[in-house]
Amino acid sequence: MSVIVDILSWLAILSGSAFLIIGAWGTVKFPDFWSRLHAVSVTDSAGMLLLMLGMCLQAGFTLITVKLIIIAIFLFITGPTATHAVANAALVTGLRPKEGHGLVSELESPTVPSPTAPEVKS
Amino acid sequence: MFAVAAIALFIGMVLVLFRLYAGPSLYDRVLAVNSFGTHTVLFIGVMGFLSGRPDFLDIALLYALINFVGTIAVLKFFRYRAIGDIPQIERDIS
């Protein structure tokens, strides 16, 4: 029984680590802010959950697993929320994706002109 | 087994730090800081398991809470130009 649990936790931890590295590598390699949002959320969701699963299996039915589940639920809720907040702040202050002009409904002018965002091509 | 996870997390942290340094726009950096925080939470958890001290998970939970609040605070400042008096800003925009 414990051998199976060990193998499962080993698999979960390995795949979680793989997703973490893939997400981090995507964060570096992707050309544009808007495509990096996807890469970051890969680590926030898949990598984190699999790693937490591996640790929960390793810890068995103890208080540690309860704490791990609490952390996993919290991260699962706040990860996408934070990513959405970043995307909203970027869009409103005028950061536009490189490709696909016209696809995004062009706001007439960014409501809050931001010194850090590139000037908006009218 | 957890050593593999620790090494992977460390590599992930280094990559995200590079994005934090090179990120052209401000929001790349905010994204990188948020991702670095998540990596740190996982790293604390893994180190807790490695060193056989389960009470590290409380620190990891606290770090996750503070990381989220920090990210939202920075974004709120750059989105609304102020953290405090939002009603005054809303009147200007609408």
Side-chain angles (χ1 to χ4, degrees), chain A residues 6 9-10 13-14 16-30 32-33 36-37 39-41 43-44 47-48 51-52 54-55 58-59 62-64 66-68 70-71 74-75 77-79 81-83 85-93 95 111-112 114-118, chain B residues 1-2 4-9 11-20 22-32 34-39 41-42 44-46 48-49 54-58 60-61 63-65 67-72 74-81 89 92-94:
Chain A
D6 271 349
S9 74
W10 174 267
I13 287 175
L14 274 185
S17 308
F19 272 110
L20 275 172
I21 292 185
I22 290 168
W25 179 248
T27 311
V28 169
K29 282 300 282 184
F30 276 173
D32 185 53
F33 165 74
R36 278 179 215 126
L37 282 175
V40 169
S41 50
T43 58
D44 270 359
M48 182 272 295
L51 208 57
M52 287 295 185
M55 288 198 259
Q58 206 47 233
T62 59
L63 181 61
I64 301 172
V66 172
K67 284 183 189 172
L68 278 169
I70 290 172
I71 296 176
F74 179 77
L75 281 178
I77 291 172
T78 54
T81 312
T83 309
V86 176
N88 177 277
L91 186 68
V92 162
T93 49
L95 195 64
T111 49
V112 176
S114 157
T116 53
Chain B
M1 176 182 339
F2 282 107
V4 170
I7 292 167
L9 277 164
I11 294 172
M13 280 178 173
V14 170
L15 289 172
V16 166
L17 272 183
F18 171 75
R19 172 51 54 201
L20 180 70
S25 75
L26 161 85
Y27 301 103
D28 292 306
R29 294 195 169 96
V30 172
L31 209 61
N34 185 32
S35 178
F36 189 82
T38 314
H39 282 279
V41 167
L42 294 171
I44 295 172
V46 164
F49 268 87
D55 46 17
F56 272 22
L57 291 177
D58 307 334
L61 177 62
Y63 197 93
L65 292 163
N67 177 41
F68 179 63
V69 169
T71 306
I72 296 298
V74 168
L75 287 175
K76 189 173 181 185
F77 177 73
F78 281 104
R79 166 67 175 75
Y80 292 111
R81 283 286 148 240
I89 297 286
D92 291 351
I93 289 175
S94 53

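Just so we're on the same page: letters track the sequence lines, and every chain starts at 1.
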Which region of [X], side chain (C-beta onward) or backbone (N, CA, C, O), has a non-hydrogen atom less than 4.5 Å from a non-hydrogen atom of chain B, or is it both or neither?
X       : value
A:Ile13 : side chain
A:Leu14 : side chain
A:Thr43 : side chain
A:Ile64 : both
A:Ser41 : neither
A:Val40 : side chain

Is B:Phe56 atom CZ crowded by more than 12 heavy atoms from other residues, nucleotides or ligands, each under 6.0 Å away?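 It does: B:Phe56 CZ has more than 12 such atoms within range.
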[X] versus chain A, the contacting section by heavy-atom distance below 4.5 Å:
X       : value
B:Asn34 : side chain
B:Val41 : side chain
B:Leu57 : both
B:Ile7  : neither

Under the ring-ring contact (aromatic ring centres under 6.0 Å, His included) rule, collect the residues that match up with B:Phe2, sequence neighbours excluded.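 ring-ring contact (aromatic ring centres under 6.0 Å, His included) list for B:Phe2, sorted by chain: B:Phe49.
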